[in-house]
Amino acid sequence: MTSHSRHGVTAVTANSNGRGRETLSAPVLYRVTDVMELLNMSRTVIYELIREGRIRTVHEGRSRLIPASAIADYVALLEREARGNR
């Protein structure tokens, strides 16, 4: 079982008694406002990228969250497109 937060994820790990927790420092899921800062883009641009399918999202309750892997995939896509335009 895991739980996520803006600051990271708490992963359940096994130790000698079968119970334990380990906190990872890097966030796994980001809010749109966090991604705006990370990518230095406006809210409008981020939502356009989501609508276009260039950035994947997930929902947790009513929150739209962006996995760290989706951000990495988007940056890789930009790099591939830049190489293709040379």
Side-chain angles (χ1 to χ4, degrees):
M1 174 180 223
T2 63
S3 65
H4 68 273
S5 73
R6 183 173 172 196
H7 302 291
V9 69
T10 301
V12 176
T13 60
N15 60 18
S16 60
N17 65 4
R19 294 185 181 154
R21 291 191 182 275
E22 176 183 319
T23 302
L24 305 176
S25 61
V28 176
L29 297 169
Y30 293 88
R31 296 186 183 281
V32 170
T33 54
D34 298 327
V35 176
M36 289 168 51
E37 289 181 35
L38 281 170
L39 298 179
N40 196 29
M41 295 179 174
S42 71
R43 177 188 286 297
T44 301
V45 170
I46 297 296
Y47 277 106
E48 285 175 9
L49 293 170
I50 292 168
R51 275 192 298 277
E52 294 169 356
R54 293 172 64 89
I55 295 181
R56 296 183 323 278
T57 64
V58 297
H59 289 274
E60 176 64 33
R62 292 175 42 189
S63 297
R64 180 185 296 261
L65 301 168
I66 301 172
S69 62
I71 298 166
D73 290 347
Y74 174 67
V75 171
L77 172 66
L78 292 177
E79 291 172 340
R80 284 192 306 274
E81 289 176 350
R83 282 192 300 268
N85 291 331
R86 290 184 188 176

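Predicted, not measured: the structure shown is a model, and the values here were computed from it.
From E37, atom CD reaches atom OH of Y30 across 11.5 Å, with rounding to the nearest 0.5 Å. Here the straight-line distance linking atom NE2 of H59 with atom CZ of R64 works out to 4.0 Å at 0.5 Å rounding. Rounding to the nearest 0.5 Å places CG of L77 at 9.0 Å from CG of D73. Summarising the geometry, atom CZ belonging to R56 is positioned 10.5 Å from atom CD1 belonging to I66; distances are rounded to the nearest 0.5 Å. In this structure, T57 OG1 and R51 CZ are separated by 11.5 Å, a value rounded to the nearest 0.5 Å.
A 4.5 Å side-chain heavy-atom check between L39 and V75 finds at least one atom pair inside the cut-off.
Counting all heavy atoms, side chain and backbone alike, Y74 lies closest to M41 at OH-CE, 3.6 Å. The two residues A68 and P27 come nearest to each other via the heavy atoms CB-O, 3.8 Å.
Under the side chain to side chain contact (heavy atoms under 4.5 Å, CB included) rule, I71 has a single partner from V35, I55, D34, which is V35.
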